[in-house]
Amino acid sequence: MPQSSFNKAVVTAIVTCVPPCEKRIDDEIELFGGNVKQIERIKKTIGLNKRRVVDKQTTALDLCELAALQLLADTGIDLTTIDAVLCVTQTPDHLQPCNAAILQGRLGLSPHCAAFDVGLGCSGYVYGLWLGHMMIQAGSCKRVLILAGDTLSRLVHSKDRAVAPLFGDGGSATLLECSEVERGAWFNLGTDGSGVPHLIVPAGGARLPLSNATNVAREDESGNFRSDENLFMDGAEVFNFSIQVVPASVRATLKFAGVEPDEVDYFVFHQANRYILSNIAKRLKIDTTKVPMQTVERYGNQSSASIPSAMCGELREVLCGDDVQRVLLSGFGVGLSWGSALLEIGQLSVCKVIEYERA
Amino acid sequence: MRPLKKFIEDFEASMEEVEPGALSAETEFKGLKSWDSLAILTVTDTVEFEYGVLLRKDDFTDSVTLAQLYHLIEAKLGA
């Protein structure tokens, strides 16, 4: 179990970019066969409501680029001082090259900047932070830009009730810097590859290349439609995974850090949906006022961007305040993969949500 | 483990549109009007939280009555 702690790196700025187009589950009565009662139950029980989605021309890279430009403008840092840029995404622009290389160019970063992608989804933001902390702790980098974003709305079939109303899009930029004062960070990470089939886009990679056959949508036993190029999710399995793995990972992280749950100021979970979040909170016996949950109802499940999105949208004032907060982050999803981090974070120079506009 | 009577109360509380006391050990739960994929989630949650047993989709397929589901949980707990 990779548990590790660091004391040299600190998050100093976060920007999240969401697309302007909003979809509402209330407007999708036909997806639920005209069953208004079922929509009400889904809203009440699962907590689905609104989501932000991109148009066909916009990618996760575009959202991350705008978030990064805003972060660089607001912090005013010298671009040549960024030693590494890493992109966390499952929806890159191309099979190759990686998004990070494209963004190194578009942002005008130094040619001495290391750039690479991390192919993870909902757990990816924590993995990105983990890598950034290691790179700074090792002395190889002073400033690392972590760009986490996904556009899962472009992968769901519009007639698949199991996923279409859940996923929104988002891109984020997080600046991690070498800290003059000691700041603690504790990580706990894990993977269960036996859960691969529960959350997967089967076609489009080398195993099953795109073809006329992969593009054909079929109806499943529940009356949902999808092709092999669409995202499939077994909701019950992912729910089971979440309520088992996440509380254990959070407990292990806190134990490793020697911190009691009461001593944590906020628990920022991957914004899967309100039902999963409240069930995780119930198992950890934590006060739900410490658990941001509005982000998923506002923007949808934004995959790798959901944790920064929740921090920017719901914790802006406290994270920009003078007091250093103890914040527990936990991401979980496709892989199946998970990661938790306890960070000492505060005094952010920028922490905000912006809307995407095409340049 | 909690007794069967308590399990039936737990099950009733996890379901929409089911009044307390409406169900019995012989109730064929998959025939209930509000049994659907959301109900599977809420019942799975209750059973995991109160009994420490994780039910899978097949467990629901294999059980017909509430008593059978209860005994399946009992068996899993003993295993």
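So that the names make sense, note that chain A is the first sequence line, chain B the second, and so on, each numbered from 1. In this text, all values refer to a predicted model and were calculated from it rather than measured experimentally.
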Is any side-chain heavy atom of [Y] closer than 4.5 Å to one of [X]?
X: B:D36; Y: A:R41; value: yes
X: B:L41; Y: A:T45; value: no
X: B:D45; Y: A:R283; value: yes
X: B:T42; Y: A:Y275; value: yes
X: B:K57; Y: A:D234; value: yes

Does a sphere of radius 6.0 Å around NZ in A:K23 hold more than 12 heavy atoms from other residues, nucleotides or ligands, not counting ones at 6.0 Å or beyond?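 It does not: A:K23 NZ has 12 such atoms or fewer within range.
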
Is the count of non-hydrogen atoms from other residues, nucleotides or ligands lying under 6.0 Å from A:K290 atom NZ greater than 12?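 It does: A:K290 NZ has more than 12 such atoms within range.
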
May I ask you to name which of A:Q38, A:K282, A:Q244 has the most heavy-atom pairs under 4.5 Å with chain B?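 Among A:Q38, A:K282, A:Q244, the one with the most close pairs to chain B is A:K282.
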
So which of A:N279, A:I46, A:I42 has the largest heavy-atom pair count under 4.5 angstrom toward chain B?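 Most pairs with chain B among the choices: A:N279.
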
Chain A neighbours within residues 4-30 of chain B, where any heavy atom lies under 4.5 Å away: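 B:E16, B:E17, listed by number.
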
Per-residue contact mode, B:L54 against chain A (heavy atom under 4.5 angstrom): side chain

Under 4.5 Å from any heavy atom of chain A, what part of B:S37 do you find: side chain, backbone, both or neither?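 B:S37 has no heavy atom closer than 4.5 Å to chain A.
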
Go through the steps to decide whether A:E237 and B:R56 satisfy the test salt bridge (charged side-chain N to carboxylate O under 4.0 Å, His left out), and finish with yes or no. CA-CA 8 Å; A:E237 287 290 349; B:R56 316 304 286 239; 2.7 Å; yes

